[in-house]
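Please read all numbers here as calculations on a predicted model, not as lab measurements. For this chain, numbers begin at 1 and follow the sequence in order. Computed from heavy atoms alone, side chains included, the values below leave out hydrogens, waters and symmetry copies.
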Amino acid sequence: MLGLMQNHPLMISGLLDFAARYHGDTEIVSRRVEGDVHRTTYAEVQQRASQCANALDALGLAAQDRVGTLAWNGYRHFELYYAASGSERILHTLNPRLHPEQIAWIINHADDRMVCFDLTFAPIAKAVAAHCPGVKHWVALCEADALPADLAEAIPGVLSYDALLAAQPARYAWPVFDENTASSLCYTSGTTGNPKGVLYSHRSTVLHAYAAALPDVMNLSARDSVLPVVPMFHVNAWGIPYAAALTGAKLVFPGPALDGKSLFELMRDEGVTLAAGVPTVWLGLLNFMRDNKVRIPTLQRTVIGGSAAAPAMIRAFEEELGIHVLHAWGMTEMSPLGTLCSLKNKHLALDKASQFAIQVKQGRPIFGVDVRVVDGNGADLPWDGKSTGNLLVRGPWIASDYYRSEAPSPLQDGWFPTGDVVTIDADGYIQITDRTKDVIKSGGEWISSIELENIAMAHPAVAMAACIARPDPKWDERPLLVVVKREGSTLDRDELLKFYEGKVAKWMIPDDVVFVPAIPLGATGKMLKNRLRAELTAPQAASPQA
Ligand code: AMP
């Protein structure tokens, strides 16, 4: 027997309808590429998203056509999120930090019909337009009179987004269709091989937004002012543009200004209560606030994920700045939220050190995400917080396959292999010890590169650290530490290696340290360890492992 409940599909347009109806005057604040701070509201976003959807109709875009974006976090990008998906097209967020050749490849693979770009990214649009014949419309996200003359020469027919909208009515009847219909597309950063497209649906997006808002996840509400530092081209800014509308939270978009000073000023001025981003971005903010001895009184919590947040960073936020860190783990293939670290009632009685030992983990699975940890043969390992194995996941916002992929589905018996190496404890708290490809295999044992990096990061003279495997004739691989020193520090190799003594088994201590001016970062702010390996590791003579 079926239940007697209405079968109402979960639509992305429903999120904006809700926000405009019940939180119409709640602000959406954006630092624009134009340099100023722009203010709008959910009610106005609803009107402009409607104009935008009418414009997509007028330009002849069919249902499920891909609408590409090359844009920072801002209100126009936000409007496009709802206009494209809401009108049954597919929003395709492109990562402007990739090489133009790779961007052209992705546009062509996705078969985008239209690409909307911030003026900052006009050079990319100019470079790729001639190589993307499928794109019928190039749209600059600016006012009509801001369209540079040379842009029109380089891309004949280029349109101004604001002019397009101005010609359209501010009402749109958002269609209702199967909730499993594709809504948006995001390619993985593709550190190995070509990037792969992850295709989200209306259902997966709305369910993920519900989950993101839960108290033990981001704890979002209409009392929040949320600043996603994480870009809207990195897995939909972790779902915040949807979860904010679902809860009626105020949104603050930082645009291109991601340095510590600009972020601090925007957070202070807009009373930001929650911010989210990758660790490398937080380093800039942390340093600025430390150096200038300033605080953001409203900022209660920050979500840090995308790569491991070092315990030293979590401690600094908590103890020096009074900002609670929510460590999160996820993937593009998971929309992206998988786990988030928050304590349970039984942990409240623990002392600070024991609580902290839990808080540095990547957290517990969110309802909707099932997890398993397995060995190399696919056999389940115990959840004892010690047994290390590969993490498998499944759930309604986890990819079943890649878009237009010729390879077989990545699923193994219905489970998605994350490529992450983890331990899970009895309460389900997960600790990521490595990516499969970053783990250091020394003398038959696995050494966690993240653990070694976390120790280095706890040294006051270390600004950033990466640990990579160096081929070794005797032990197969040995850890090599790559370090950026803090300005003015005189730290040397021996002092840093001594710092490891007593913190890990002797044989796990890195063999050597290479000091570098900077560690290369990928398009989503993660350390590019594969590049470091290629640049810094050459076959070495056998080294001591005792
Ligand atoms: P992406 O799809 O580009 O966001 O990359 C997903 C990968 O980032 C995961 O599979 C992890 O390897 C890594 N990652 C994400 N969050 C964390 C975290 N909190 N700690 C360690 N690794 C993380």
Less than 3.5 Å apart, which donor and acceptor atoms pair up between the side chains of residues 15-24 and the rest of the protein, not counting sequence neighbours?
residue	atom	partner	partner atom	Å
Asp17	OD1	Gln46	NE2	2.5

Please output the side-chain donor-acceptor pairs of residues 518-528 that fall under 3.5 Å, not counting sequence neighbours, one pair per line with the distance.
residue	atom	partner	partner atom	Å
Lys526	NZ	Gly306	O	2.7

Report all side-chain donor-acceptor pairs from residues 117-133 shorter than 3.5 Å, counting only partners two or more places apart or in another chain.
residue	atom	partner	partner atom	Å
Asp118	OD2	Trp72	N	2.8
Thr120	OG1	Trp72	NE1	3.3
Lys126	NZ	Asp150	OD2	2.8

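The main-chain N or O of Ser400 is found under 3.5 Å from a side-chain atom of Ser409 such that the two form a donor-acceptor pair. With hydrogens and angles disregarded, no donor-acceptor distance shorter than 3.5 Å links the side chain of Asn287 to the backbone of Gly260. A donor-acceptor pair under 3.5 Å is absent between the side-chain atoms of Ser183 and the main chain of Ser85, judged by distance alone. Panel note: side chain Ser87, backbone Ala83; a donor-acceptor pair is recorded below 3.5 Å. Of the possible polar contacts, one joining the Tyr42 side chain to the Ala249 backbone as a donor-acceptor pair under 3.5 Å is found. Using a distance-only test at 3.5 Å, with no hydrogens or angles considered, a donor-acceptor pair links the side chain of Asn54 to the main chain of Arg171. Listed for the Asp434 side chain is no donor-acceptor partner under 3.5 Å among the backbone atoms of Thr436. Within the 3.5 Å criterion, the main-chain N or O of Arg223 finds a donor-acceptor partner in the side chain of Ser221. Without hydrogens or angle criteria, Gln51 side chain to Leu165 main chain gives a donor-acceptor distance under 3.5 Å. Put simply, the side chain of Glu179 never gets that close to the backbone of Pro9: no donor and acceptor are under 3.5 Å apart.
The pair Glu44-Arg39 does not count as a salt bridge, with every side-chain nitrogen at least 4.0 angstrom from each carboxylate oxygen. A salt bridge links Asp216 with Arg364: the distance from a Lys NZ or Arg NE/NH1/NH2 to an Asp or Glu carboxylate oxygen falls below 4.0 Å. Contact check on Arg435 versus Asp420 returns a salt bridge, with a Lys/Arg side-chain nitrogen under 4.0 Å from an Asp/Glu carboxylate oxygen. Residues Arg372 and Asp413 are not paired through a salt bridge, judged by the lack of any N-O separation under 4.0 Å between the basic side chain and the carboxylate. In this structure, Arg66 does not pair ionically with Glu88, as no charged nitrogen and carboxylate oxygen lie closer than 4.0 Å.
Atoms OH and CD1, on Tyr82 and Ile12 in that order, are 7.5 Å from each other to the nearest 0.5 Å. To the nearest 0.5 Å, the span separating OG on Ser225 from CD on Gln300 amounts to 10.0 Å. Taken from CG in Asp111 to CD1 in Ile107, the straight-line distance is 11.0 Å, to the nearest 0.5 Å. For the atom pair CG (Leu164) and SG (Cys52), the distance works out to 8.0 Å, reported to the nearest 0.5 Å. Annotation: the span from Lys136 atom NZ to Asp65 atom CG amounts to 10.5 Å, rounded to 0.5 Å. From Thr181, atom OG1 reaches atom CG of Leu199 across 10.5 Å, with rounding to the nearest 0.5 Å.
Taking 4.5 Å as the limit, every side-chain heavy atom of Val371 sits out of range of all side-chain heavy atoms of Leu392. At a threshold of 4.5 Å between non-hydrogen side-chain atoms, the residues Val37 and Arg32 do not count as touching. Using a 4.5 Å cut-off on side-chain heavy atoms (C-beta onward), Ile304 and Met313 make contact. Side-chain atoms of Tyr187 and Val198, non-hydrogen and from C-beta on, never get closer than 4.5 Å to each other. Residues Leu283 and Met464 are in side-chain contact: their nearest non-hydrogen atoms beyond the backbone lie under 4.5 Å apart. Side-chain contact between His92 and Ser184 is absent, with no heavy-atom pair separated by less than 4.5 Å. By the 4.5 Å heavy-atom criterion applied to side chains, Val135 and Asn108 are not counted as neighbours. With contacts defined as side-chain heavy-atom distances shorter than 4.5 Å, the pair His324/Gln359 qualifies.
The ring-ring contact (aromatic ring centres under 6.0 Å, His included) analysis of residues 391-419, with sequence neighbours excluded, yields the pairs His208-Trp397. Among residues at least two apart or in separate chains, ring-ring contact (aromatic ring centres under 6.0 Å, His included) pairs with a member in residues 151-180 are Tyr172-Trp174, Phe177-His202.
Remark: aromatic rings of Phe233 and His77 are distant, center separation not under 6.0 Å. The distance between the ring centers of Phe78 and Phe253 falls below 6.0 angstrom.
With sequence neighbours left out, the ring-ring contact (aromatic ring centres under 6.0 Å, His included) criterion links His327 to no other residue. For Val281, the side-chain contact (heavy atoms from CB on, under 4.5 Å) partners are Val229, Leu263, Val278, not counting sequence neighbours. With sequence neighbours left out, Thr339 forms a side-chain contact (heavy atoms from CB on, under 4.5 Å) with Trp329, Gln362, Pro365, Ile430. Annotation: salt bridge (Lys or Arg N to Asp or Glu O under 4.0 Å) contacts of Asp370 (sequence neighbours excluded): Arg394. Annotation: salt bridge (Lys or Arg N to Asp or Glu O under 4.0 Å) contacts of Arg48 (sequence neighbours excluded): Glu79, Asp162. For Glu101, there are no salt bridge (Lys or Arg N to Asp or Glu O under 4.0 Å) partners, not counting sequence neighbours. The salt bridge (Lys or Arg N to Asp or Glu O under 4.0 Å) search around Arg97 returns none, not counting sequence neighbours.
The environment of Arg404 atom CZ is dense: over 12 non-hydrogen atoms of other residues, nucleotides or ligands sit within 6.0 angstrom. Counting non-hydrogen atoms of neighbouring residues, nucleotides and ligands closer than 6.0 angstrom, the CZ atom of Arg301 exceeds 12 such neighbours.
Between His38 and Tyr75, the ring planes are parallel. Angles under 30° get that label, and only those over 60° would be called perpendicular.
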Show your working on side chain to side chain contact (heavy atoms under 4.5 Å, CB included) between Gln431 and Val422 and close with a plain yes or no. CA-CA 5 Å; Gln431 182 144 29; Val422 304; over 6 Å; no
| task | In sequence, state the C-alpha distance, the side-chain angles, and the governing distance for Thr273 and Asp224, and then conclude on side-chain hydrogen bond (donor to acceptor under 3.5 Å, both in side chains). | result | CA-CA 6 Å; Thr273 55; Asp224 276 312; 2.6 Å; yes
- prompt: Hey, mind stepping through Met114 and Leu56 against side chain to side chain contact (heavy atoms under 4.5 Å, CB included) and telling me if it holds?
  reply: CA-CA 9 Å; Met114 173 170 175; Leu56 299 179; 3.5 Å; yes
Yes or no on side-chain hydrogen bond (donor to acceptor under 3.5 Å, both in side chains) for Asp259 and Ser262, after CA distance, side-chain angles and deciding distance? CA-CA 6 Å; Asp259 60 286; Ser262 306; 2.6 Å; yes
Let me see the working for Val272 and Ile296 under side chain to side chain contact (heavy atoms under 4.5 Å, CB included), right down to the final yes or no.
CA-CA 8 Å; Val272 167; Ile296 305 167; 5.6 Å; no
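Across Ser160 and Cys142, no two heavy atoms sit closer than the pair OG-O, 3.0 Å.
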